[in-house]
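Worth knowing before you read on, the calculation uses all heavy atoms, side chains too, and leaves out hydrogens, waters and symmetry mates. Below, read A as the first sequence line, B as the second, and so on, with proteins coming before strands; counting in each chain starts at 1.
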Amino acid sequence: MGQNVYDTLVERGFVAQCTNEEELRKLFETEKVKFYIGFDPTADSLHAGHFIALMAMAHLQRAGHVPICLVGGGTGTVGDPSGRTDMRKMLTDEDIEHNCECFKKQISRFIDFSDNKAIMVNNGDWLRKLNYIDLLRDVGACFTVNRMLAAECYKQRWEKGLTFLEFNYMVMQAYDFLELNRRYDCKLEMGGDDQWSNIIAGVELNRRKSNTAVYGLTNKLLTKSDGKKMGKTAGGALWLDAEKTSPYDFYQYWRNVDDADVEKCLALLTFLPMDEVRRLGALKDAEINEAKKVLAFEVTKIVHGEEEAKKAKEAAEALFSGQGSAEDMPTIDVALSGGEKLIDVLTQNGVFASKGEGRRLVQQNGLTLNDEKVTDVDYVLTAADFNDGSAIVRKGKKKYYRLQSK
RNA sequence: GGGUAGGUGCCCGAGUGGUUAAAGGGAACGGACUGUAAAUCCGUCGCCGUAGGCUACGAUGGUUCGAAUCCAUCCCUGCCCA
């Protein structure tokens with residue numbers, strides 16, 4: 001113990017920008033700080049990008065501070081333009097509500113809400129009731145357009161145009177911070193580094209309206225060493241929902257991160273002590289695979305639980321070490337009535353997006369059935385392909401599927 | 001409202017009457033190499049398929065033997081002016 005959480009966050013690589021490092025550090029020492037992070041309900045699951053924020057939140061909670069998890073039932077109706085080149089899709093009220101519920105469930109898995117150790121709020125509760133004129137007079141007067149226009153987060157939009165609707169996002173988020181400060185004495189807002197403009201807007205609004213000193217802190221975004229965003233898979237985002245990204249795929253994602261990113265990920269995404277993180281991160285060449293295994297296991301454990309993490313790990317090791325006969329690969333039921341073409345079956349079950357893709361894969365030697373390369377595009381499945389009712393299909397090098405005859 | 005530049009495949013972006021399923025790049029996918037890494041190299045990259053066909057260049061109509069390319073109307077976006 002003893003280390004200031006602020007330093008913990010710095011040491012683990014979370015901190016990108018802070019409004020006032022010295023005062024915030026002091027604040028952490030002198031009181032239980034209520035702090036908030038907002039999550040806009042843009043989809044029905046959180047993803048890897050949110051996870052890093054949740055980890056930061058968890059570190060602070062472990063240090064005795066109180067997280068306020070805000071789901072953006074109000075701000076979600078507007079859509080944050082920060083750093084984006086395109087306008088966000090407008091969501092229906094039903095979608096927003098549904099997504100908020102999904103977020104709440106997921107957040108509850110990472111943050112301890114027992115005994116008022118954390119608070120969950122929805123900004124729709126206050127934003128949706130606001131009266132336009134009142135808000136303009138009360139809050140709008142505190143912002144100058146000149147300053148807003150200078151904000152970094154809109155730069156991307158100068159080419160494409162920014163709607164007035166989106167331009168207001170910053171005002172709403174700033175208002176959230178003011179509201180949370182009034183309701184809960186919330187003194188700190190955190191968020192991804194892309195939120196910096198919105199966060200300082202809130203800090204300034206609090207000062208103007210309440211003459212209150214509050215703070216802002218941004219987390220580094222999860223990027224690869226080459227600067228590209230991390231947490232993207234072929235199918236899009238790396239979701240925390242097991243239905244959208246299976247624990248196995250989730251495990252594999254981290255198992256395969258670049259060498260250069262392993263240490264950073266261990267620090268940000270696991271609770272391992274830093275000396276262990278550094279030890280693992282220092283491993284070289286093939287050795288670093290050990291670090292990746294630890295990373296994948298630890299992250300999967302936090303997100304999906306120890307059971308699932310073990311299963312994912314075992315499945316992966318079985319598949320990659322020898323001939324895989326693991327139970328945990330995606331299973332496809334096949335009703336053999338004679339004449340089923342392998343490609344058709346796999347296409348129908350979404351393994352290929354189209355038959356053309358499957359045909360191509362076979363032509364390029366990328367499809368394996370029970371450890372034998374499939375060379376015939378029109379290969380027809382027979383009972384002989386199934387051992388004990390199942391056949392193993394491998395797509396490319398790493399993707400396995402089990403066909404099960406019924 | 002006026003002027004002007006645009007809307008092309010997952011994304012960016014060339015193309016301006018036939019040889020264009022549409023250059024180039026990125027992403028993605030497969031192969032080689034490896035450490036289930038990166039980098040690199042090779043291949044693929046609308047759908048169905050033997051040929052061949054079908055669907056596609058904002059939308060709808062039209063001109064033409066033939067249109068992403070020409071015309072009309074409409075929708076959307078940027079910029080400038082009001």
Interatomic distance where [atom1] belongs to [X] and [atom2] belongs to [N] [whole Å]:
| X | N | atom1 | atom2 | answer |
| --- | --- | --- | --- | --- |
| A/E287 | B/A38 | CD | C1' | 18 Å |
| A/F352 | B/C48 | CZ | P | 12 Å |
| A/L280 | B/A37 | CG | C1' | 16 Å |
| A/N365 | B/C33 | CG | P | 12 Å |
| A/Q363 | B/C42 | CD | C1' | 16 Å |

In which stems does RNA chain B show up, taking only runs of three or more Watson-Crick or G-U wobble pairs whose two distances fall under 3.5 Å?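 Output for stems: B:1-7 with B:75-81, B:10-12 with B:24-26, B:28-32 with B:40-44, B:46-48 with B:52-54, B:58-62 with B:70-74.
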Counting just side-chain N and O atoms, does [X] come under 4.0 Å of either OP1 or OP2 of [N]?
| X | N | value |
| --- | --- | --- |
| A/K399 | B/G30 | yes |
| A/S354 | B/C48 | yes |
| A/K284 | B/A37 | no |

Both A/G366 and A/D378 contact RNA chain B. Taking the nearest nucleotide for each, which residue is further toward the 5' end? A/G366
Pairwise 5' ranking along RNA chain B for A/K313 and A/L367, keeping only the more 5' one: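 Result of the comparison: A/L367.
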State yes or no: are the ring centers of [X] and [Y] separated by less than 6.0 Å?
| X | Y | result |
| --- | --- | --- |
| A/F110 | A/F51 | yes |
| A/Y251 | A/F297 | no |
| A/F103 | A/H50 | yes |

Are [X] and [Y] close enough for a salt bridge, meaning some N to O gap below 4.0 Å?
| X | Y | value |
| --- | --- | --- |
| A/D7 | A/R25 | yes |
| A/R128 | A/D93 | yes |
| A/R360 | A/E357 | no |
| A/E204 | A/R147 | yes |

Give me the distance, rounded to whole Å, that separates [N] from [M] when you measure between the [atom1] atoms they each carry.
| N | M | atom1 | value |
| --- | --- | --- | --- |
| B/G35 | B/G25 | C1' | 31 Å |
| B/G15 | B/G52 | P | 31 Å |
| B/A23 | B/C10 | P | 14 Å |
| B/A68 | B/U60 | P | 13 Å |
| B/G18 | B/A5 | C1' | 28 Å |
| B/C71 | B/U4 | P | 14 Å |
| B/A37 | B/U77 | C1' | 43 Å |
| B/C12 | B/A27 | P | 15 Å |

Residue [X], side-chain heavy atoms: nucleotide from [options] that is nearest:
| X | options | answer |
| --- | --- | --- |
| A/D258 | B/C47, B/C33, B/A38 | B/A38 |
| A/Q252 | B/G35, B/A32, B/U36 | B/U36 |
| A/R360 | B/U36, B/C33, B/C45 | B/C45 |
| A/L361 | B/C29, B/U44, B/G35 | B/C29 |
| A/Q364 | B/U36, B/G35, B/U44 | B/U44 |
| A/N289 | B/U44, B/G35, B/A32 | B/G35 |
| A/I288 | B/U34, B/A37, B/G35 | B/G35 |

Between A/F320 and A/Y400, how do the two ring planes meet: parallel, tilted or perpendicular, split at 30° and 60°?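 Ring orientation, 0 to 90° scale: perpendicular.
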Ring geometry between A/F164 and A/F167 (parallel below 30°, tilted from 30 to 60°, perpendicular above 60°): tilted
When all nucleic acid strands are considered with a 4.0 Å heavy-atom cut-off, which category describes A/K292: base, sugar-phosphate, or nothing? base
